[in-house]
There are 2 protein chains.
Amino acid sequence: MPVDVSAVSNLPIFAGLDAESCERVLWESHSSQVAQGKAVFQQGVEVFSIYLLLRGHVRVSRITESGDQVIVRLVSGGGIFGAAHAMGVATHPVSATAVEDSVVLSWPATAWGALSARFPLLAANTLKAIGEKLQEAQNRVVEMSTEHVDQRLARTLLRLADRSGCRTDDGVAINFPLTRRDIAEMTGSTIFTVSRRLSSWEERGWIDGSRQRVVLKHPQALRAIVADVRAPRS
Amino acid sequence: MPVDVSAVSNLPIFAGLDAESCERVLWESHSSQVAQGKAVFQQGVEVFSIYLLLRGHVRVSRITESGDQVIVRLVSGGGIFGAAHAMGVATHPVSATAVEDSVVLSWPATAWGALSARFPLLAANTLKAIGEKLQEAQNRVVEMSTEHVDQRLARTLLRLADRSGCRTDDGVAINFPLTRRDIAEMTGSTIFTVSRRLSSWEERGWIDGSRQRVVLKHPQALRAIVADVRAPRS
DNA sequence: CGATCGATTGAGCCCTCTCAAGAGAGGTGG
DNA sequence: CCACCTCTCTTGAGAGGGCTCAATCGATCG
């Protein structure tokens, strides 16, 4: 395999594994390039593999029966996704699409099962990764239940900047193509409301927005929006 | 321990374990009664144990910094909760409270770790349980993003009836005390809106509501509300 | 240079929240 | 057994946040 052990051995999913075990695990993996806009897998299809994102960004989304699309998660470098098999699910409940040119490692589900049995640390790390995703999802439920669009929006931008931010002269730039539609689907809002809020923040000099790009010029201001405690609900 | 193996061996978390292993696992557990309204553990405190609900119902909730309470999950018989340790979290991100008199098994976190290592099936079942919770949480994110209060409300009632329903002459009764406030905190709404909708449904003969009780007389009508596809967003 | 996709902006409305007031239900103590 | 208190639930009136729909503009690409 063309993937160097040293390039991945320090990822959370391999934490604690020695180089040899790591290599053994990589041995069974398959590396592939995914062009921008291409799907890694589609919602509803049978689960064949488990995936690790090496480079790029992948959008994990679900389409509802009514045709609404919701972004469940945005995976950045080092993250695992499509781990439905490890959780005992037979068909993917979501789709995964590259939002920019990406590099993905994949393991056949069966091989991953065997590897997990052979390297308990791998199983533990998988559990931990899934646990983190659970935390994240529960946080989002709480946010969706209690916060206003402004707050969810600011929170989402800060989160993205934190994970995939890139320092520039102006502030922190979000590092990959991100449409207003993406943002809307991550916050449970609409492109119209998102556009309006971002425009308003841009007027105040807090952010810089352009086609598929957002730069946070004044993160403190966004943090203040998140913290803005209005009257609690009922 | 006063807990009979046969009473728990068929729970999902013990799936595949033979009676002997099962007994070995139970050996390290501690059984306790929790009176209605009493907390099993509190948000923010250190994680000492992992819990399995034997009888009753437990409300898993989080209080936000702004003072809003959100019900993350309602655990019914056979469910595990407070499994933060297995996911590598040091302090409980939520509180767990008995909504009726309940019986709970608990394992010290360290003991559970050792047992998981010794019985791989136990670890696998734990992963599966957490995976299901992740699915559930992601579903809720999607619902909160795309559905109206009516739909979330109907869905929640159907789900509760499905899990903890009790056939009666009139229909399916939800089997434990459930206040309008609980429902509001499960759906991301307010007691006022919940009360209004339930009143309206009661007028139409679809449900029967009284103090802390709901009976579904016409589940089909609720299912129709859930399926009601209006114009998709954006 | 046309076509397509993304972003912006305005007008209007509706769903849901907020606030206020009161009615039942149940529990407790005298 | 009644009075009282607390907790739950109901209902009304009103306001507003965010959605819907429509139209336009700008950018990118073949």
Side-chain angles (χ1 to χ4, degrees), chain A residues 35-37 59 66-70 97 99-100 143-154 156 174 176-203 207-215 225 228-234, chain B residues 35-37 59 66-70 97 99-100 143-154 174 176-185 187-203 207-215 225 228-234:
Chain A
Q36 178 172 12
R59 178 180 59 221
S66 57
D68 293 307
Q69 181 162 159
V70 178
T97 311
V99 295
E100 59 178 343
E143 289 158 18
M144 300 282 308
S145 297
T146 61
E147 296 184 343
H148 292 246
V149 167
D150 303 25
Q151 297 173 288
R152 306 203 301 265
L153 203 49
T156 300
I174 292 172
F176 56 92
L178 183 73
T179 67
R180 302 292 185 267
R181 173 176 295 271
D182 289 334
I183 301 175
E185 288 171 356
M186 296 179 75
T187 52
S189 181
T190 65
I191 49 175
F192 312 103
T193 299
V194 169
S195 177
R196 262 183 257 275
R197 290 295 185 282
L198 293 192
S199 293
S200 141
W201 294 349
E202 191 164 8
E203 269 176 26
I207 68 167
D208 236 36
S210 59
R211 190 189 177 82
Q212 301 191 339
R213 294 285 162 189
V214 180
V215 180
I225 291 176
D228 181 37
V229 179
R230 313 186 193 192
R233 292 225 192 157
S234 64
Chain B
Q36 178 172 14
R59 178 181 59 220
S66 56
D68 292 308
Q69 183 162 157
V70 178
T97 311
V99 295
E100 60 179 343
E143 290 158 18
M144 300 282 307
S145 297
T146 60
E147 296 184 343
H148 292 252
V149 167
D150 304 27
Q151 296 172 287
R152 305 203 302 264
L153 203 49
I174 291 173
F176 56 92
L178 183 73
T179 67
R180 302 291 186 268
R181 172 177 295 273
D182 289 334
I183 300 176
E185 288 171 356
T187 53
S189 181
T190 63
I191 49 175
F192 312 104
T193 299
V194 169
S195 177
R196 262 182 257 275
R197 290 295 185 285
L198 294 192
S199 293
S200 143
W201 293 350
E202 191 163 8
E203 268 176 27
I207 67 169
D208 236 37
S210 57
R211 190 191 178 83
Q212 302 190 340
R213 294 283 161 190
V214 179
V215 180
I225 291 177
D228 181 38
V229 179
R230 314 187 192 190
R233 292 233 193 152
S234 68

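Heavy atoms only: backbone and side chains are in, while hydrogens, waters and symmetry mates are out. Chain A is the first sequence line, chain B the second, and so forth, proteins listed ahead of strands; every chain is numbered from 1.
- Taking atom NE2 on A/His148 and atom P on D/dA15, their separation rounds to 18 Å, with Å as the unit.
- Between the P atom of D/dT8 and the CD1 atom of B/Ile183 lies a distance of 13 Å, rounded to the nearest Å.
- Distances shorter than 4.0 Å separate some side-chain N or O of B/Ser189 from OP1 or OP2 on C/dC17.
- Counting only distance, with no hydrogens or angles, the side chain of B/Asp182 and the backbone of B/Thr179 share a donor-acceptor pair below 3.5 Å.
- Spacing between atom CG of B/Asp228 and atom P of C/dC15 amounts to 12 Å, rounded to whole angstrom units.
- Rounded to an integer number of Å, the gap from B/Glu185 CD to D/dC9 P is 12 Å.
- For the pair A/Arg152 (side chain) and A/Thr187 (backbone), a donor-acceptor distance under 3.5 Å is present.
- Proximity of a side-chain donor or acceptor of A/Glu202 to a complementary backbone N or O of A/Gly209 within less than 3.5 Å is detected.
- One N or O on the side chain of B/Gln151 and one on the backbone of B/His148 form a donor-acceptor pair closer than 3.5 Å.
- Between B/Ile183 and B/Val214, the shortest heavy-atom distance links the atoms CD1-CG2, 4.3 Å.
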Exercise. Could you write nucleotides 4-11 of chain C as a row of B, S and -, 5' to 3', where a protein heavy atom under 4.0 Å of any base atom gives B, of only sugar-phosphate atoms gives S, and otherwise -?
Worked result: -BSSBBBB
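- Of the possible polar contacts, none joining the B/Thr193 side chain to the B/Ser189 backbone as a donor-acceptor pair under 3.5 Å is found.
- The separation between B/Leu153 atom CG and C/dT16 atom C1' is 13 Å, rounded to whole Å.
- Each end of the helix from C/dC1-D/dG30 to C/dG30-D/dC1 gets its own axis from five base pairs, and the two axes differ in direction by 40°, given to 10 degrees.
- Judged by distance alone, the side chain of B/Arg181 and the main-chain N or O of B/Ile191 form no donor-acceptor pair under 3.5 Å.
- The phosphate of C/dT16 has OP1 or OP2 within less than 4.0 Å of a side-chain N or O from B/Arg197.
- At least one donor-acceptor pair closer than 3.5 Å links the side chain of B/Ser199 to the backbone N or O of B/Ser195.
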